[in-house]
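Here is the structure we will look at, set down as structure tokens.
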Amino acid sequence: MIAPDLLYQRLRAHYGPQDDWWPGQSAFEIMLGAILVQRTRWHNAEQALARLRAERALTPAALVAWEPARLSAAIRPAGFAATKARRLQALAQWLLDQGGTAALADRPTPALRAALLARPGIGEETADAMLLYAFRRPVVVIDAYARRILGRLGHPQANARYGVLQQALVAALMPGSAAAAGAQRRLADLHALIVTHAQRHCRVGPRCSGCPLQAGCVHAGGQAELTDRAVGARAGGVPALPG
DNA sequence: ACCCAGGGTCATA
DNA sequence: TATGACCATGGG
């Protein structure tokens with residue numbers, strides 16, 4: 001397993017800086033995107049977001065005023081529309097109660113994180129994405145991409161509980177100071193690089209040709225170009241012919 | 001036609 | 001604590 005810090009350096013050297021990568025013109029829009037993108041491609045989430053933008057619904061006050069059925073229909077491209085509509089309106093109502101995103105700016109990160117986690121439909125990953133991109137806090141976001149990449153690189157805790165893996169990365173990436181200057185920018189860059197790398201190379205069916213992390217990766221080498229399905233078939237997944 | 005996608009929640013064992 | 005089912009649309 002290469003050190004997470006070296007992982008970051010290699011990805012950055014290969015893909016270049018991805019800074020300020022999460023789309024959205026406001027903290028609220030970023031938070032909406034974090035919910036809409038759950039288990040969904042960004043392309044679909046953006047379609048839903050674009051419809052809300054066209055209807056000028058990208059404010060908490062506007063969003064809570066919508067009929068749930070109307071909101072659900074508008075965000076249908078993002079999938080799980082009924083569920084996500086409920087989550088968006090719950091978030092919007094909460095923000096109104098709090099006095100808007102600006103009123104949360106001086107809340108300490110742990111307290112803000114706990115408050116976000118108490119909202120329906122906001123789990124650890126979504127909360128951390130909101131903290132990192134909407135509230136500009138230096139937070140490590142753990143997503144399925146990070147687990148997949150780290151797992152293939154042989155990280156011992158790639159499949160550990162969220163907080164365990166997160167702490168391991170914090171310790172490895174930011175020895176000493178999570179409050180160091182530029183930490184937020186660096187961690188946003190890292191998350192963006194992980195997403196980009198997982199989509200270009202470290203997919204479910206890995207595309208190792210041209211991968212910048214081949215050194216030290218268990219997928220480097222001969223079977224690199226095989227898809228998971230092909231690997232499974234070769235391993236004995238093909239049933240014997242009857243007769 | 002099948003698989004996958006920038007999760008979260010709830011019910012079981 | 002840890003799996004499994006469910007939520008659902010759209011692109012490769």
Side-chain angles (χ1 to χ4, degrees), chain A residues 7-8 11 15 18-24 29-52 68-91 94 113-135 139-152 157-166 169 187-207 225-233 237-238:
Chain A
L7 163 70
Y8 170 62
L11 290 178
Y15 297 108
Q18 319 276 305
D19 35 35
D20 236 4
W21 147 90
W22 190 293
E29 183 178 346
I30 290 171
M31 296 175 86
L32 297 186
I35 289 177
L36 287 170
V37 79
Q38 288 171 351
R39 198 62 188 182
T40 306
R41 295 176 192 277
W42 177 258
H43 175 79
N44 291 26
E46 170 53 31
Q47 280 193 349
L49 222 40
R51 292 192 186 186
L52 299 182
R70 181 187 177 195
L71 180 56
S72 180
I75 67 173
R76 191 176 51 183
F80 311 113
T83 302
K84 288 178 177 176
R86 254 183 279 115
R87 294 173 178 181
L88 294 186
Q89 289 195 306
L91 173 65
W94 177 70
R113 187 176 196 267
L116 290 170
L117 286 174
R119 301 301 104 210
I122 300 182
E124 296 193 280
E125 180 186 335
T126 303
D128 284 337
M130 290 177 173
L131 288 171
L132 179 61
Y133 294 106
F135 295 97
V139 164
V140 175
V141 176
I142 305 296
D143 57 15
Y145 289 159
R147 291 185 185 278
R148 189 163 73 211
I149 293 171
L150 291 170
R152 286 174 178 168
Q157 318 196 86
N159 214 351
R161 279 175 309 188
Y162 189 98
V164 173
L165 177 56
Q166 184 181 42
L169 291 185
L187 293 177
D189 200 33
L190 172 65
H191 181 222
L193 286 166
I194 284 173
V195 171
T196 295
H197 179 64
Q199 292 175 345
R200 301 264 183 86
H201 288 287
C202 209
R203 307 158 66 118
V204 172
R207 297 185 177 182
E225 302 299 332
L226 294 178
T227 65
D228 283 358
R229 191 184 317 170
V231 171
V238 179

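We use all heavy atoms of the structure for the numbers below, so side chains are in, but hydrogens, waters and symmetry mates are not. Lettering follows sequence order; numbering is per chain, from 1. These numbers come from a predicted model, not from an experiment.
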Exercise. Quick one: which of dC4(B), dT9(B), dA8(C) gets closest to the side chain of Arg87(A)?
Worked result: dT9(B)
Exercise. Which of these nucleotides, dA5(B), dT9(C), dG7(B), is closest to any side-chain atom of Asn44(A)?
Worked result: dT9(C)
Problem set entry | Nearest-nucleotide comparison on DNA chain B, the residue closer to the 5′ end among Pro120(A) and Gln199(A) | Gln199(A)
Problem set entry | Check: Arg203(A) side chain, Gln199(A) main-chain N or O, donor-acceptor pair, under 3.5 Å | yes
Exercise. About how many Å separate OH of Tyr133(A) and CD1 of Ile30(A), when rounded to the nearest 0.5 Å?
Worked result: 9.5 Å
For this session: Count the heavy atoms belonging to other residues, nucleotides or ligands that lie under 6.0 Å from CZ of Arg113(A), then report whether that count exceeds 12.
Result: yes
For this session: Return the value, rounded to whole Å, for the distance between atom CZ of Arg39(A) and atom P of dG4(C).
Result: 14 Å
Problem set entry | Separation of dA2(C) P from Asn159(A) CG (nearest whole Å) | 10 Å
For this session: Tell me which of Val195(A) and Gly121(A) sits closer to the 5' end of DNA chain B, going by the nucleotide each one is nearest to.
Result: Val195(A)
Exercise. So what does Arg76(A) hit on the nucleic acid, given a heavy-atom distance under 4.0 Å: a base, only sugar-phosphate, or nothing?
Worked result: sugar-phosphate
Seminar exercise, completed: Taking for Thr40(A) and for His43(A) the nucleotide of DNA chain C with the nearest heavy atom, the one nearer the 5' end belongs to Thr40(A)
For this session: Starting at atom CG of Leu91(A), determine the distance to atom C1' of dG8(B), rounded to an integer number of angstrom.
Result: 14 Å
Problem set entry | Value in whole Å for how far the C1' atom of dT9(B) lies from CZ of Arg119(A) | 16 Å
Problem set entry | Sidechain-backbone polar pair: Arg147(A) side chain, Ala160(A) backbone, donor-acceptor under 3.5 Å | yes
Exercise. Leu36(A) has an atom CG; how far is it from atom P of dG10(C), in whole Å?
Worked result: 14 Å
Exercise. In Watson-Crick or G-U wobble terms, both distances under 3.5 Å, what is the partner of dA1(B)?
Worked result: none
Exercise. Between CG of Leu131(A) and CG of Leu187(A), what distance do you get to the nearest 0.5 Å?
Worked result: 12.0 Å
For this session: Using the C1' atoms only, state how far dA8(C) lies from dC2(B), rounded to an integer number of Å.
Result: 16 Å
Exercise. Looking across every strand, which nucleic acid part, if any, lies under 4.0 Å from Arg148(A) by heavy atom: base, sugar-phosphate, or nothing?
Worked result: sugar-phosphate
Problem set entry | Under-3.5 Å donor-acceptor pair between Arg41(A) side chain and dC4(B) base | yes
Problem set entry | Separation of atom CZ in Arg161(A) from atom P in dT3(C), rounded to whole Å | 12 Å
Exercise. Within the structure shown, what part of the strands sits under 4.0 Å from Ile35(A) by heavy-atom distance: base, sugar-phosphate, or nothing?
Worked result: nothing
Exercise. Within the structure shown, what part of the strands sits under 4.0 Å from Ala78(A) by heavy-atom distance: base, sugar-phosphate, or nothing?
Worked result: nothing
For this session: Identify which one of Lys84(A), Arg87(A), Glu125(A) satisfies the side chain to side chain donor-acceptor pair (under 3.5 Å) criterion when paired with Gln38(A).
Result: Arg87(A)
Problem set entry | Options dG11(C), dA8(C), dA2(C), nucleotide nearest the side-chain atoms of Phe80(A) | dA8(C)
Exercise. Rounded to the Å, how far apart are Ile142(A) CD1 and dG8(B) C1'?
Worked result: 17 Å
For this session: Using a heavy-atom cut-off of under 4.0 Å over every strand shown, decide if Ala34(A) touches base, sugar-phosphate, or nothing.
Result: nothing
Seminar exercise, completed: To the nearest angstrom, the CH2-P distance between Trp42(A) and dA5(B) comes to 17 Å
